[in-house]
Amino acid sequence: MRNQEIADILNQIADILEIQGEIQWKYLAYRRAARTIENLSENIADVLGKQKLPGIGKAIEEKIKELITTGKLEYYERIKKEVPPIVIEMTRIPDIGPKTAKLIYDTLKIKTLDDLEHAARSHRLQRIKGLGPKTEKAILKGLKELKKPQRHLLGVILPIANRIYKDLKSLKEVKQISLAGSIRRWKETIRDIDILVTSEKPEKVMQVFTSLELVKEVVLKGPTKSTIIVTRDIQVDLRVVEDESYGAALQYFTGSKEHNVALRTLCSQMGFKLNEYGLFLKDTEKKIAGETEEEIYKTLGMAWIPPELREDRGEILAAQNDALPTLVELKDIRGDLHLHSNYTDGKNTIEELVAAAEKRGYEYIAITDHTGTLSIAKAIDEPKLLEQITHIQKLNEQNQNIRIFTGAEVNIDQNGDLELSKDLLEQLDIVIGAIHSNLKMNRKEMTERIVHALSNEHLTILAHPTGRLLNKRAPSDIDLIEVFDAAKKYKKILEINAYPNRLDLSDVNCRTANQQGVLLVIGTDAHSVKQMRFMEYGVAVARRGWLEKKDILNTLQLDDLMKKLKI
DNA sequence: GCCGTTTTCGGCCCGACTGTTTTCAGTCG
């Protein structure tokens, strides 16, 4: 049983316990345990009982063991029967929590969400004691939102956020401004855009904000908080605070929730109280910090923590011990080793890609078009690839500013072999291997397939290792620990694919790979000049994975890179 | 149900907002 499946079951147990009115600490414990498992790169079965896992004690450990060995959990099966599925379903509606869901069910005995909609339309909900017309309206609205996709890709939302940010920043009434929330943490998917501002004229700022060109709906407009809906049904929250609380508010609204909970628990132990207005002494309520984030973290005896690390994955302890990593930055990147040209499904010529790379200040790029039996990507055939190699050699002679490496993104077949002749593999500077089909093999076969590919002497880089597509396709079932072992053994490089719907390896996985001693590379997989900007998303994943400059291949200078790759 | 520089019991982050109430519970982030 896979980690995610086990985490899902623990979360469902928490939902049920919450609906049953169990004390909150009990169901919160299940959620915490689920989160621990979700953040794990290792297979839970391999580490359970062998190492201390936060939030997993004796009782939950036993339950996970039962799930692993039998594939079922007696306890879960039993309590599942005690709560009608519709009640759990109802809690997915915004503003409907366990209490309200249970109240509605107990009163009306509805069976489906359609029943709920009917009950709301015929005003039977507002007759329930404790509910009213507003709740009824909220439920009808919430039912519609349920059908929309819940989270947006960072790559979709960030350009929109930056546009709004720029518009607001240009106002003379705006003193300080920052994006906050998950977007400031560069999370791979984002629910809504949070923006924080300080101003002496909040009304004016709110007025501009709620009448921006891309506004579709104004949900809420107040002096300190406004909410709008913009294109693609993206929600944007703007909050205005006092200058003296800016740091505290920024810290608070940046999150994550888990980081904030952990930080405030620590505050409490130290005799402080932290909220969005500042850091206070617990007993006298005296404010001792709040203007800047740096000041708050410093007062708590730790270094300022980069937002990308604020996920409660050990960053607080590291900050206390002055052991935070010096995270890799976009400016450290010296080249892009995963690019597609118009020889196959790319939009631009090699010359155009080179010009764009120069503009970005790169020292080198690799042209890596598709080869193998890939019908969708118009794979390049061998004569055409030879032609491309000659073309690149000629360009390298003409242009000394940037080095163009020959390469290919070679399809890995079902057995883990590279779909390109040995002769050509030997001619290429960089061979990227990637799986594009048969993604649903079982764990053992898939792992063997990848390990076999990694053992191939011609392979340089394994691209998008898990094959996931955000919001669309789950990662393949792979024993990543074994893959990382093999990558280290055969000295192969694993990719952080920066394409916004891939971001593969993920933050958690590239962190584990690095801890296991595997070198990583950030590649954009760009199919056009425009997409070369995706590099910043790949860098963000690396940063969220605690990676430093030295952990990333394409931060090396040209000659060091060539030495490393023996080109 | 978990956890321990206050330990094996008694805590467990903190506040805003909302809708429904006559003082607060539920939900959210």
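First the proteins, then the strands, lettered A, B, ... as listed; each starts at 1. Here the structure is a predicted model, which means the values were calculated and not measured.
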Using a cut-off of less than 4.0 Å, is there contact between a side-chain N or O of [X] and OP1 or OP2 of [N]?
{"X": "A:K257", "N": "B:dC14", "answer": "no"}
{"X": "A:Y277", "N": "B:dA16", "answer": "yes"}
{"X": "A:T265", "N": "B:dC12", "answer": "no"}
{"X": "A:N275", "N": "B:dG15", "answer": "yes"}
{"X": "A:K63", "N": "B:dG1", "answer": "yes"}
{"X": "A:K52", "N": "B:dC3", "answer": "yes"}
{"X": "A:S268", "N": "B:dC13", "answer": "no"}

Base, sugar-phosphate, or nothing for [X], non-hydrogen atoms under 4.0 angstrom?
{"X": "A:Y27", "result": "nothing"}
{"X": "A:K225", "result": "nothing"}
{"X": "A:L131", "result": "sugar-phosphate"}
{"X": "A:F253", "result": "nothing"}
{"X": "A:E276", "result": "sugar-phosphate"}

Assigned partner base of B:dT8, Watson-Crick or wobble definition, under 3.5 Å: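 Result: none.
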
Quantified in whole Å, what is the [atom1] atom distance between nucleotide [N] and nucleotide [M]?
{"N": "B:dT18", "M": "B:dG11", "atom1": "C1'", "value": "30 Å"}
{"N": "B:dC2", "M": "B:dT6", "atom1": "P", "value": "23 Å"}
{"N": "B:dC3", "M": "B:dC13", "atom1": "P", "value": "14 Å"}
{"N": "B:dT27", "M": "B:dT21", "atom1": "P", "value": "15 Å"}
{"N": "B:dG1", "M": "B:dT5", "atom1": "P", "value": "23 Å"}
{"N": "B:dC9", "M": "B:dC17", "atom1": "P", "value": "42 Å"}

Close approaches to DNA chain B from residues 292-312 of chain A, in residue order (heavy atom, under 4.0 Å):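 Those residues: none at all.
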
[X] has a side chain; which of [options] sits nearest to it?
{"X": "A:R32", "options": "B:dC3, B:dG19, B:dG1", "value": "B:dC3"}
{"X": "A:K273", "options": "B:dT20, B:dC14, B:dG29", "value": "B:dC14"}
{"X": "A:A29", "options": "B:dG19, B:dC13, B:dC2", "value": "B:dC2"}

Non-hydrogen atoms of A:E536 and A:L158 that approach each other most closely: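 That closest heavy-atom pairing would be OE2-CD2, 4.3 Å.
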
Aromatic plane relationship, A:Y499 with A:F534 - under 30° parallel, 30 to 60° tilted, over 60° perpendicular: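 The rings of A:F534 and A:Y499 stand perpendicular, inter-plane angle above 60°.
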
Heavy-atom donor-acceptor pair, A:R468 side chain to A:R502 backbone, under 3.5 Å: yes

Atom CD of A:E74 with >12 non-hydrogen neighbours under 6.0 angstrom: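 Open: at most 12 neighbouring heavy atoms sit under 6.0 Å from CD of A:E74.
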
Sequence-aligned protein contact record of nucleotides 22-27 of chain B, with B where the base is within under 4.0 Å of a protein heavy atom and S where only the sugar-phosphate is: ----SS

